[in-house]
Amino acid sequence: MKAKKIILISWLLLITGCSSYVPKTHEDLMRTKNDIKLEDNFTRDKQNNFQSEKWWLNYNDSNLNELVKIILKSNTDLKIAKLNIKAATATIDVASHSALKIGIYGGGEILGTSETYTESGILSDLLQEDKNTYTASGGIRGNYNFDFYDKYENLTKQQSYLAKSSKFYSKLTELNISANVAKLYGYYIYLQEEKINLDEKLSVLVSIEDKIRSNIEIGGGTKDDLLIIQNKILNLKRYINLNEFEKVSTSETIYSLASYKNKSKIEKILKNAKYSDLMNQEFLIPGKISSDVIINRPDVQYYLMIINSQKAKLKSLKADFYPQVSIAGDIGYRGIGIDNSFRDFSSLVWSFGPKVYLPIFNLSSIKANYKIADIKVNKFIANYNKTINDSIQDINTKLSGAKISKINFMNLDTIEKNEEQIYKNSNLKFENGFISEYQNLKDHYIYLNSSLNKTQQSYKLYSDQIDLINSLGGVYKNEKQIIKEKI
């Protein structure tokens with residue numbers, strides 16, 4: 001009984017002594033939802049009408065849905081991200097079973113002595129004739145470390161958080177790719193609409209050129225007028241060529257995102273893009289953003305999981321300052337003599353017992369690893385806070401851009417309608433003989449310019465909405481969409 005008390009007291013003193021070697025840690029503050037709500041454009045209200053998963057389905061465009069589906073299935077970056085998830089998940093099991101090690105061992109060695117006899121008598125008969133002999137051994141050996149200080153539990157938590165961080169990184173990759181695809185698809189639609197407008201403008205300019213040439217022939221115009229209109233035609237043809245190049249370039253970018261797979265399907269989707277109503281759809285541009293949106297952004301959640309993982313690693317490293325207790329054993333056979341060492345394992349050998357490891361001589365390296373892990377915790381916290389700050393700036397910028405694009409679109413829409421009415425009036429005047437065909441063609445050209453400006457701003461608004469969606473990590477649905485879902 002006295003011996004047990006002595007052992008217990010000694011153990012407690014040993015643990016107390018080891019704990020004095022553990023360096024103090026410091027954890028920096030992390031930004032919270034309460035901090036975010038104090039910023040402009042943000043609130044703590046719930047995000048009831050916000051959708052983060054498969055946001056592109058809200059556009060209700062079957063071609064876009066199919067295009068995103070094809071690319072997400074074959075994109076190389078996304079495949080790598082998903083493989084990282086599998087690899088990180090596999091390490092969880094490795095960490096959870098790291099306390100127990102069981103394996104088969106085998107080996108051989110030559111025993112030798114300078115004397116023909118040993119006082120202990122071990123192998124004396126064998127060594128009297130030969131100073132050297134050959135032995136071989138094999139068996140099963142196991143070792144189990146008791147997790148008194150939660151070292152292996154925290155190692156498992158570390159890998160679990162890393163696996164979660166990989167999932168959020170994959171989600172971030174998917175978000176960026178889907179947003180990029182949606183912008184490229186919208187741009188291709190715009191290019192087709194632009195081509196129609198440019199061809200019509202070219203037709204008008206050619207007609208104007210014919211009128212000027214006719215006027216010159218009857219003495220009613222100058223060659224300078226003809227040169228001016230010819231330069232306009234050449235510049236317009238340059239834009240038409242550039243439009244064709246942009247279509248090819250956009251197509252190639254889309255093919256590359258799909259790793260050049262399913263090219264025929266993508267070509268068909270792009271061919272049908274001219275029938276899409278995508279550019280005329282409008283999503284809600286909110287006045288205020290819920291702080292939950294930032295907290296749940298994939299990049300913010302990624303760093304949060306990295307921080308939790310590093311904290312778990314720090315706790316596991318803390319256990320290295322304390323005595324490590326394990327129990328080990330092995331069972332096997334040993335053969336003696338080169339002739340029968342691998343054939344006749346007649347000698348059973350076994351061992352079993354506890355072991356205690358005291359980190360006395362390597363405390364400096366343990367301290368260094370612990371301090372580095374503590375520094376990394378604060379490094380990841382700094383990255384987390386920076387990501388939140390960058391998110392606030394990014395969302396504010398994208399939100400302002402979308403709002404301004406909407407205002408500009410509404411103004412250009414009004415201008416386009418006014419120019420359309422002016423052109424209609426010009427047609428009536430021309431039919432009634434109040435203006436010349438030349439003036440009517442000029443009015444038509446002005447209207448086409450206005451129409452193209454509206455089309456360009458329509459794509460700008462669409463593009464800014466996609467940028468906002470990418471920044472938020474999802475889409476705010478408007479009232480019509482919410483009502484439609486309830487029906």
Side-chain angles (χ1 to χ4, degrees), residues 51 54-71 175-201 239-240 242-251 253-254 257 266-286 398-420 447-472 474-481 484:
Q51 179 180 343
K54 296 185 177 180
W55 57 268
W56 56 89
L57 296 179
N58 288 279
Y59 276 106
N60 197 29
D61 188 300
S62 58
N63 285 322
L64 175 61
N65 296 342
E66 182 65 18
L67 186 60
V68 174
K69 181 181 176 181
I70 289 171
I71 291 177
L175 175 64
N176 290 333
I177 292 171
S178 59
N180 195 14
V181 172
K183 287 186 72 172
L184 289 167
Y185 177 66
Y187 186 56
Y188 195 88
I189 294 172
Y190 159 74
L191 289 172
Q192 289 183 315
E193 294 179 1
E194 182 188 57
K195 179 65 164 55
I196 294 171
N197 183 282
L198 293 176
D199 286 342
E200 194 170 352
K201 285 172 72 175
Y239 283 117
I240 291 173
L242 182 61
N243 174 276
E244 188 60 32
F245 168 75
E246 287 293 325
K247 285 173 66 177
V248 173
S249 176
T250 302
S251 301
T253 304
I254 294 174
L257 286 174
I266 295 174
E267 287 176 343
K268 185 178 179 181
I269 289 172
L270 296 179
K271 186 178 180 181
N272 294 331
K274 60 184 177 182
Y275 304 110
S276 174
D277 193 42
L278 185 68
M279 306 299 291
N280 297 323
Q281 296 190 45
E282 181 183 346
F283 281 104
L284 176 66
I285 300 176
K398 298 298 190 301
L399 184 61
S400 298
K403 288 178 178 179
I404 292 172
S405 287
K406 186 175 181 179
I407 294 171
N408 288 339
F409 173 77
M410 293 172 65
N411 290 338
L412 286 173
D413 182 55
T414 302
I415 292 172
E416 192 260 353
K417 288 176 180 177
N418 291 340
E419 293 293 349
E420 182 181 23
Y447 164 65
L448 289 173
N449 272 336
S450 178
S451 180
L452 181 58
N453 288 336
K454 177 189 171 182
T455 302
Q456 290 172 340
Q457 188 59 40
S458 176
Y459 172 71
K460 181 69 169 58
L461 176 57
Y462 169 79
S463 178
D464 286 345
Q465 285 180 352
I466 298 297
D467 286 339
L468 179 60
I469 289 170
N470 193 19
S471 181
L472 296 173
V475 61
Y476 275 96
K477 293 175 283 189
N478 56 38
E479 292 183 7
K480 290 182 179 179
Q481 292 169 322
K484 189 177 180 180

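Numbering starts at 1 and runs along the sequence shown. Side chains are part of it too, since the values below use all heavy atoms of this structure and drop only hydrogens, waters and symmetry mates. Predicted model only: the values in this text are computed from it and were never measured.
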Is the backbone N or O of [Y] less than 3.5 Å from a side-chain atom of [X], with the two atoms forming a donor-acceptor pair by type?
X      : Y      : result
Asn272 : Lys268 : yes
Asp199 : Ile196 : no
Gln457 : Ser405 : yes

Please report the shortest heavy-atom distance between [X] and [Y], naming the atom on each side.
X      : Y      : answer
Gly186 : Leu278 : CA-CD2, 4.3 Å
Leu468 : Ala402 : CD2-CB, 4.3 Å
Leu412 : Asn453 : CD1-O, 3.7 Å
Ala182 : Trp55  : CB-CH2, 3.7 Å

Check your understanding: Please walk me through it: do Ile254 and Leu67 pass side-chain contact (heavy atoms from CB on, under 4.5 Å)?
Key -> CA-CA 9 Å; Ile254 294 174; Leu67 186 60; 3.9 Å; yes

Practice item. Using the test ring pair (Phe, Tyr, Trp, His ring centres under 6.0 Å), find all partners of Tyr185 that sit at least two apart in sequence or belong to another chain. Key: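 Ring pair (Phe, Tyr, Trp, His ring centres under 6.0 Å) check on Tyr185 returns nothing, list empty.
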
Practice item. Give a yes or no on whether Lys54 atom NZ has more than 12 heavy-atom contacts from other residues, nucleotides or ligands under 6.0 Å away. Key: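 Counting other residues, nucleotides and ligands, NZ of Lys54 stays at 12 neighbours or fewer.
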
Check your understanding: Around Lys247, counting heavy atoms of other residues, nucleotides and ligands shown, do more than 12 lie under 6.0 Å from its NZ?
Key -> yes

Rounded distance (nearest 0.5 Å) linking atom [atom1] of [X] with atom [atom2] of [Y]:
X      : Y      : atom1 : atom2 : value
Glu200 : Ser451 : CD    : OG    : 8.0 Å
Leu64  : Ile269 : CG    : CD1   : 9.0 Å
Leu184 : Ser463 : CG    : OG    : 9.5 Å
Ser251 : Glu246 : OG    : CD    : 10.5 Å
Ile266 : Glu66  : CD1   : CD    : 9.5 Å
Ser471 : Leu175 : OG    : CG    : 9.5 Å

Is the closest side-chain heavy-atom distance between [X] and [Y] below 4.5 Å?
X      : Y      : result
Leu198 : Leu452 : yes
Asp61  : Asp277 : no
Trp56  : Ile469 : no

**Study point:** side-chain contact (heavy atoms from CB on, under 4.5 Å) partner of Val181, chosen from Asn176, Ile71, Thr253
**Key:**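 Answer after filtering Asn176, Ile71, Thr253: Ile71.
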
Review point. When you look at Lys460 and Asn408, which way does the side-chain contact (heavy atoms from CB on, under 4.5 Å) test go after all the steps?
Key: CA-CA 10 Å; Lys460 181 69 169 58; Asn408 288 339; over 6 Å; no

Exercise for review: Using the salt bridge (charged side-chain N to carboxylate O under 4.0 Å, His left out) rule, pick out the option among Glu416, Glu420, Glu419 that qualifies with Lys454.
Suggested key: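 With Lys454 as partner, Glu416, Glu420, Glu419 yield a single salt bridge (charged side-chain N to carboxylate O under 4.0 Å, His left out), made by Glu416.
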
Review point. Parallel, tilted or perpendicular: which fits the ring planes of Tyr187 and Tyr190, with parallel below 30° and perpendicular above 60°?
Key: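 Parallel.
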
Exercise for review: Could you check Asp464 against Lys403 for side-chain contact (heavy atoms from CB on, under 4.5 Å), going step by step and ending with a plain yes or no?
Suggested key: CA-CA 9 Å; Asp464 286 345; Lys403 288 178 178 179; over 6 Å; no

**Study point:** Short N-O contact, Lys183 and Asp467, less than 4.0 angstrom
**Key:**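 Answer for the salt bridge query: yes.
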
Exercise for review: Give the C-alpha distance, both sets of side-chain angles, the deciding distance and a yes or no for side-chain contact (heavy atoms from CB on, under 4.5 Å) between Tyr59 and Gln465.
Suggested key: CA-CA 12 Å; Tyr59 276 106; Gln465 285 180 352; 3.7 Å; yes

Point to revise | Phe409 ring center within less than 6.0 Å of Tyr462 ring center | key: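 They do not qualify: ring centres at least 6.0 Å apart.
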
